[in-house]
2 protein chains.
Amino acid sequence: MKKKVTIRDVAKHAGVSVASVSYVVNGIQKVSEETKERVQQAIAELGYQPNFAAVSLSKNRSYMIGVVMPLIEDTLAPIFKENSYYSEFISGIEYVARKNGYDFLITGVNKAEECKNWIAKRNLDGIIFLGMFPEHLHEEMKALSIPILLIDAYEEYADHFHTIRIADEEGGFLAGQHLLQKGHTKIAYVAHSENSPVDARRYIGYQRALYRGNVKEALHLTAKYSTFKEGYKIGEKLSSSDVTAVFASSDLVALGIMKALQDRGKKVPTDIAVVGFDDLTVSSYTSPELSTVRQDVFHKGSLSAQTLIDVITDRPQETKHIELPVELVVRESSNT
Amino acid sequence: MKKKVTIRDVAKHAGVSVASVSYVVNGIQKVSEETKERVQQAIAELGYQPNFAAVSLSKNRSYMIGVVMPLIEDTLAPIFKENSYYSEFISGIEYVARKNGYDFLITGVNKAEECKNWIAKRNLDGIIFLGMFPEHLHEEMKALSIPILLIDAYEEYADHFHTIRIADEEGGFLAGQHLLQKGHTKIAYVAHSENSPVDARRYIGYQRALYRGNVKEALHLTAKYSTFKEGYKIGEKLSSSDVTAVFASSDLVALGIMKALQDRGKKVPTDIAVVGFDDLTVSSYTSPELSTVRQDVFHKGSLSAQTLIDVITDRPQETKHIELPVELVVRESSNT
DNA sequence: ATGAAAGCGCTAACAA
DNA sequence: TTGTTAGCGCTTTCAT
């Protein structure tokens, strides 16, 4: 059990003061070239690593960012298990964080109180909210002095914070347009969850496409949650309807719909075409592969981390608002 | 920007010493009931939260555990994107960690050096290695004084650390047995990656089943990596072979195989039956649903966290070795 | 350019 | 039982 080497050890070894070592470590131009070299030498020889707890304490900066995710019945499990969206996003964060000498903490949070405590306890430098912002949470958050980044938030208060979103409305439009071009006139829309502002945007775009094509909405259903299972239930209903196409605002729901349809003997896309939204990895595993509106989730995650770190570093006055593009991906499930 | 409240503020507010506050916070039975109450009162009124950086510094304990994952070309992206196994595992960790007042850090690591530095910098209390242990890493690690938990490691050095694995061999056996029972005699085995000790176990079990049934292995292929894409390639080869069943030691590979087979006009399971291993969430999204050997990954993750935290707390002499059960799940892809 | 020392918030040994 | 205080490892001001 080797004892850990501290800044003092390095100082002693190099025959300089701890201050000088600190200067070198932090790249502060206050030391002579010679001192610098001796310190670096000593650091290498001793294998010195600054203790972040100490740094955190004295700089009041932890080099850690928090990622808050929605909890379902007290656990992240369902969300992680079902929805690769989150893990892809996380991998983007991880990549950028690591490159910048940051670490990140993930937590599921129910109450605003917990969240505040968590931030205080861990001295987080910034925080990313992913897909969920309890009503009152944002009020409490404003009081906090750390940068906050909201992902996919359309609530009116979102503008007080930094935000990153995608072109949800355009995505909806693209999906609708695509289905019209394929000649469909009886199309069902399936919302991926109740009261979702994100879904609302996608729907607006979709409606715009229908309007342009002079087509009336044939059927409007809403999945309770954005899950395969809920999609399956919807699919059961759809199988006995007369629609020839369905656009679900989430791949997971679309996948569930497709499976239900197939289990009931319907052919996709010939009997019913299906289009989803997100382009999850799994969406090209199925037969037929799912047509969808793609967003680049890894990039969204990495950009989120980069943006947050930039804000932490530069402390700009204004809040940043970024919108990422989407892209229609036509695969088998709608390609008649 | 509210100033953060420290232990001193609480002490002042309650009219006691910082030591007393500390005792109360840490549940050390050294204070009178009355003092305790006054302190708790003060804490509540001020909304005090201990600063973990300070705690970490003085206790030399961070209440953080590290999770090390394999990096593919410098990023976790492919692994997270493709393989929900990892995210499910993580969600198990998150659940237990949060319940126990721990946080966890995730990193992808290439070199042992980096890993050691990371642990030192962050003062991690313990560490979980998930699916990867670079050759020499374990040597370096032994020098570390923190508990180390290896997941799915069969390398000989694994016994020096705590380990959690599943009944891989039995899983292979179950799969083989199942296929035999369905009357198959020409079965292909597909290893989920090259030189994988885990795969080797599964294969041994599988072979045992064949041996018992007096059936010779018809075909043995190896996927380069455990991915859908690699599975697809294998599936293309299989489509022109004369096997009637295939057991792939990973769902991802099995899914790829199935898709390739279907794309080539083969019917699953009537032309060829397919069985995988893991029971990923996506494995029941497909048509047909994939038969597989299930492991409970969330549980594996939560048990990992719990085990590690226990070890951190109790510092037992011996290393713990846990084997989790598996279960055959017969779905459509092998149900003839 | 260099170093001494105060302080970051908390714990725990020691005194009272 | 309670309080005082010396660290924990590092940063940073202020002398030198």
Next item on the list: With DNA chain D as reference, determine whether L57(B) or A19(B) sits nearer its 5' end, using the nearest nucleotide of each.
Entry: A19(B)

Next item on the list: Would you indicate what F52(A) reaches in the nucleic acid, counting non-hydrogen atoms under 4.0 angstrom: base, sugar-phosphate, or nothing?
Entry: nothing

Margin query: dC10(D), OP1 or OP2 - any side-chain N/O from S22(A) closer than 4.0 Å?
Written below: no

Margin query: Assuming nearest nucleotide by heavy-atom distance, tell me which of K36(A) and V18(B) is located more 5' along DNA chain C.
Written below: K36(A)

Check: Among dT11(D), dC10(D), dG3(D), which nucleotide sits nearest the side chain of P50(A)?
Finding: dC10(D)

Next item on the list: Mind calculating the distance between CZ (R61(B)) and C1' (dG7(D)) to the nearest angstrom?
Entry: 19 Å

Check: Separation of K30(A) atom NZ from dG3(C) atom P, in whole Å?
Finding: 12 Å

Check: To the nearest angstrom, how far is N123(B) atom CG from dC10(C) atom P?
Finding: 17 Å

Checklist line | Distance in angstrom units between Y23(A) OH and dG3(C) P, rounded | finding: 10 Å

Next item on the list: Using a 4.0 Å heavy-atom cut-off across all strands, classify V16(B) as base, sugar-phosphate, or nothing.
Entry: sugar-phosphate

Next item on the list: Report yes if a side-chain nitrogen or oxygen of T35(B) is closer than 4.0 Å to either non-bridging phosphate oxygen (OP1 or OP2) of dT1(D); otherwise report no.
Entry: no

Margin query: Both S20(B) and K59(B) contact DNA chain D. Which one's nearest nucleotide lies toward the 5' end?
Written below: S20(B)

Notebook entry, point to check: So what does N60(B) hit on the nucleic acid, given a heavy-atom distance under 4.0 Å: a base, only sugar-phosphate, or nothing?
Noted result: nothing

Notebook entry, point to check: Hey, is R122(B) close enough to D103(B) for a salt bridge, meaning N to O under 4.0 Å?
Noted result: no

Item checked: Ion pair check, D74(A) and K99(B), cut-off under 4.0 Å -> yes

Next item on the list: To the nearest 0.5 Å, tell me how far T75(A) OG1 sits from F80(A) CZ.
Entry: 10.0 Å

Next item on the list: I would like to know whether I164(A) and I128(A) meet side-chain contact (heavy atoms from CB on, under 4.5 Å); could you show each step before the answer?
Entry: CA-CA 10 Å; I164(A) 291 187; I128(A) 297 177; over 6 Å; no

Margin query: Rounded to whole Å, please give me the gap between CD1 in I28(B) and C1' in dG3(D).
Written below: 15 Å

Note to self: Just N and O in the side chain of N51(A): are any of them under 4.0 Å from OP1 or OP2 of dC8(D)?
What the structure shows: no

Checklist line | Any donor-acceptor N or O pair under 3.5 Å, side chains K4(A), N60(B) | finding: yes

Notebook entry, point to check: If you check the V31(B) side chain, which of dT2(D), dG3(C), dC10(C) turns out closest?
Noted result: dT2(D)

Notebook entry, point to check: Tell me: CZ of R122(B) to P of dG9(D), nearest whole Å?
Noted result: 17 Å

Check: Hey, is the side chain of Y48(A) poking within less than 4.0 Å of OP1 or OP2 on dC10(D), counting only N and O atoms?
Finding: yes

Check: Expressed in angstrom and rounded to an integer, what is the separation of R38(B) atom CZ from dT1(D) atom C1'?
Finding: 13 Å

Checklist line | Distance in Å, S84(A) OG paired with E82(B) CD, rounded so as to fall on 0.5 Å steps | finding: 10.0 Å

Item checked: Any S58(B) side-chain nitrogen or oxygen under 4.0 Å from OP1 or OP2 of dT11(C) -> no

Next item on the list: Figure out the OH/C1' separation between Y63(B) and dG9(C), and round it to whole Å.
Entry: 15 Å

Notebook entry, point to check: What nucleotide, of dG3(D), dG9(C), dG3(C), holds the atom closest to the side chain of T6(B)?
Noted result: dG9(C)

